[in-house]
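In what follows, a single structure is set out as structure tokens and then discussed.
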Amino acid sequence: MVSLQPYLARARASLDGVWWLAVVPFAVALLSAEKFTQLGNADFHVGVSFSFPFPVTGGWAFLSLPDTAAEVGAGGVRTAVNQFGPAAVGFALLSMVATAALTAGYLGTIHRALADEQPQFLADARRYFAPMFGFQLLVLVYVLAALVFTLIFPLFLIVLAVLILAGGYFLYPALHLVVADDRDLLTALVRSYQFTSAGGPALSYAGRYLLATAVISLPATALFVNLGVPGVVGGLAALAPVGLVFDAATMAFVHDAFDLSPAEGRERFSASDDSTIP
């Protein structure tokens, strides 16, 4: 079994001098402008949010939004498709470029911090931009195909939800591997699937991560979401350093799981967890 707490502690210790990286989760969260439309007009909202590890964990991972049910169903999907006009496409592409560049520099700097190296944000942003943008394109194609397919077969919405959850789990180490193991995107995706599909440490870490985000989301949702847009923006800023620690913890876990960290600093998995990929 894998414990999350040692990785969170290791992450916090490694981030001395690079806490400015918290700007990245905040900026990436703001690029998800559609989330603000889900705040609704409820008098008071409490809820819980569950999240698998992300390459960049913005504050939305720790917030439950009150109006998410409004767009469920074929009607909501049709509305989303109709709103996906030229302006939306242009914004989506610009957002993808910005997110890919920020993610590349962000993960590269976290990797260097864990390895006790000096940050090279801009160099890493250039070096890893292509695979990060490629991943964004894959996600976009998947979402568009799923929306169209759901319009034709509305019951596919249930399958879509399951596929999104499965993708979030099976591919969560992929972009960390691109950086930590200097892999191309395809190889990282394959290795990620091989590792996570075996269960063991991958499933244990993801489960504990999911539970931790749920625990944080309970007070965070009550505190920030009920203050409207200003409260949510403040919440995204306050939660950005939390997301940074979680992302550094995931990078540290990937280092250990794929034998990329020094032996003396590595967490030891249970002897029954034999799914570590050499």
Side-chain angles (χ1 to χ4, degrees), residues 2-31 49 51-63 98-129 132 172-182 201 205-206 208-217 219-220 224 233-268:
V2 177
S3 174
L4 180 62
Q5 186 57 41
Y7 285 108
L8 293 174
R10 192 160 131 200
R12 287 191 296 268
S14 72
L15 291 171
D16 286 343
V18 292
W19 284 104
W20 51 266
L21 277 176
V23 172
V24 175
F26 179 60
V28 170
L30 290 180
L31 287 174
S49 176
S51 175
F52 285 125
F54 281 116
V56 181
T57 303
W60 297 118
F62 305 106
L63 297 176
T99 299
L102 289 171
T103 302
Y106 179 75
L107 291 182
T109 303
I110 290 174
H111 169 64
R112 291 180 186 276
L114 287 166
D116 201 23
E117 298 177 5
Q118 291 299 310
Q120 298 183 33
F121 188 93
L122 294 179
D124 288 331
R126 290 191 298 268
R127 181 175 184 177
Y128 301 114
F129 173 80
M132 302 299 165
Y172 80 80
L175 296 188
H176 295 81
L177 275 172
V178 167
V179 173
D181 205 21
D182 200 19
Y205 180 85
R208 282 160 175 74
Y209 187 105
L210 186 146
L211 180 60
T213 59
V215 170
I216 294 172
S217 74
F224 298 120
V233 172
L236 294 179
L239 292 167
V242 180
L244 171 59
V245 172
F246 273 70
D247 295 333
T250 301
M251 182 67 82
F253 171 69
V254 170
H255 280 192
D256 289 357
F258 290 83
D259 198 23
L260 303 173
S261 54
E264 61 271 16
R266 189 179 309 160
E267 296 297 323
R268 298 297 177 183

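Since we're looking at a predicted model, the values are computed, not measured.
Atom OH of Tyr205 sits about 12.0 Å away from atom CG of Leu210, to the nearest 0.5 Å. With values rounded to the nearest 0.5 angstrom, Arg126 atom CZ is found 9.0 Å from Asp124 atom CG. Separation of atoms NE2 (His111) and CE (Met251) is listed at 7.0 Å; rounding is to 0.5 Å. Considering CG of Asp247 and CG of Leu21, their distance stands at 10.0 Å, rounded to 0.5 Å. Taken from OG1 in Thr109 to CG in Leu244, the straight-line distance is 10.0 Å, to the nearest 0.5 Å. Rounding to the nearest 0.5 angstrom, the gap separating the CZ atom in Arg127 from the CG atom in Leu122 is 14.5 Å.
Without hydrogens or angle criteria, Thr57 side chain to Pro53 main chain gives no donor-acceptor distance under 3.5 Å. Using a distance-only test at 3.5 Å, with no hydrogens or angles considered, no donor-acceptor pair links the side chain of Tyr209 to the main chain of Leu4. Listed for the Ser49 side chain is no donor-acceptor partner under 3.5 Å among the backbone atoms of Phe62. A donor-acceptor distance shorter than 3.5 angstrom exists from the side chain of Ser14 to the backbone of Ala11, with no hydrogens or angles considered. Of the possible polar contacts, none joining the Thr103 side chain to the Met132 backbone as a donor-acceptor pair under 3.5 Å is found.
The two residues Tyr106 and Pro25 make their nearest non-hydrogen contact at OH-CG, 3.5 Å. Heavy-atom minimum distance, Thr213 versus Ala61: CB-O, 4.3 Å. The two residues Leu114 and Ala252 come nearest to each other via the heavy atoms CD1-N, 3.5 Å. Here the closest heavy-atom approach between residue Phe129 and residue Ala104 is recorded as N-CB, 3.8 Å.
For Arg12, there are no side chain to side chain donor-acceptor pair (under 3.5 Å) partners at least two apart in sequence or on another chain.
Contact of the Val18 side chain with the Trp20 side chain is registered, since non-hydrogen atoms from C-beta on lie closer than 4.5 Å. The shortest distance between side-chain heavy atoms of Val56 and Leu102 does not fall below 4.5 Å. With contacts defined as side-chain heavy-atom distances shorter than 4.5 Å, the pair Phe54/Val28 does not qualify.
Surrounding CD of Gln118 are at most 12 heavy atoms belonging to other residues, nucleotides or ligands under 6.0 Å away. Within 6.0 Å of atom CG in Asp116, 12 or fewer heavy atoms from other residues, nucleotides or ligands are found, so the atom counts as exposed in its surroundings.
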When you look at Leu63 and Leu239, which way does the side-chain contact (heavy atoms from CB on, under 4.5 Å) test go after all the steps?
CA-CA 10 Å; Leu63 297 176; Leu239 292 167; 4.0 Å; yes
Would Leu260 and His176 count as a side-chain contact (heavy atoms from CB on, under 4.5 Å) here? Give the steps.
CA-CA 11 Å; Leu260 303 173; His176 295 81; over 6 Å; no
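A centroid separation of less than 6.0 Å is found between the aromatic rings of Phe253 and Tyr7.
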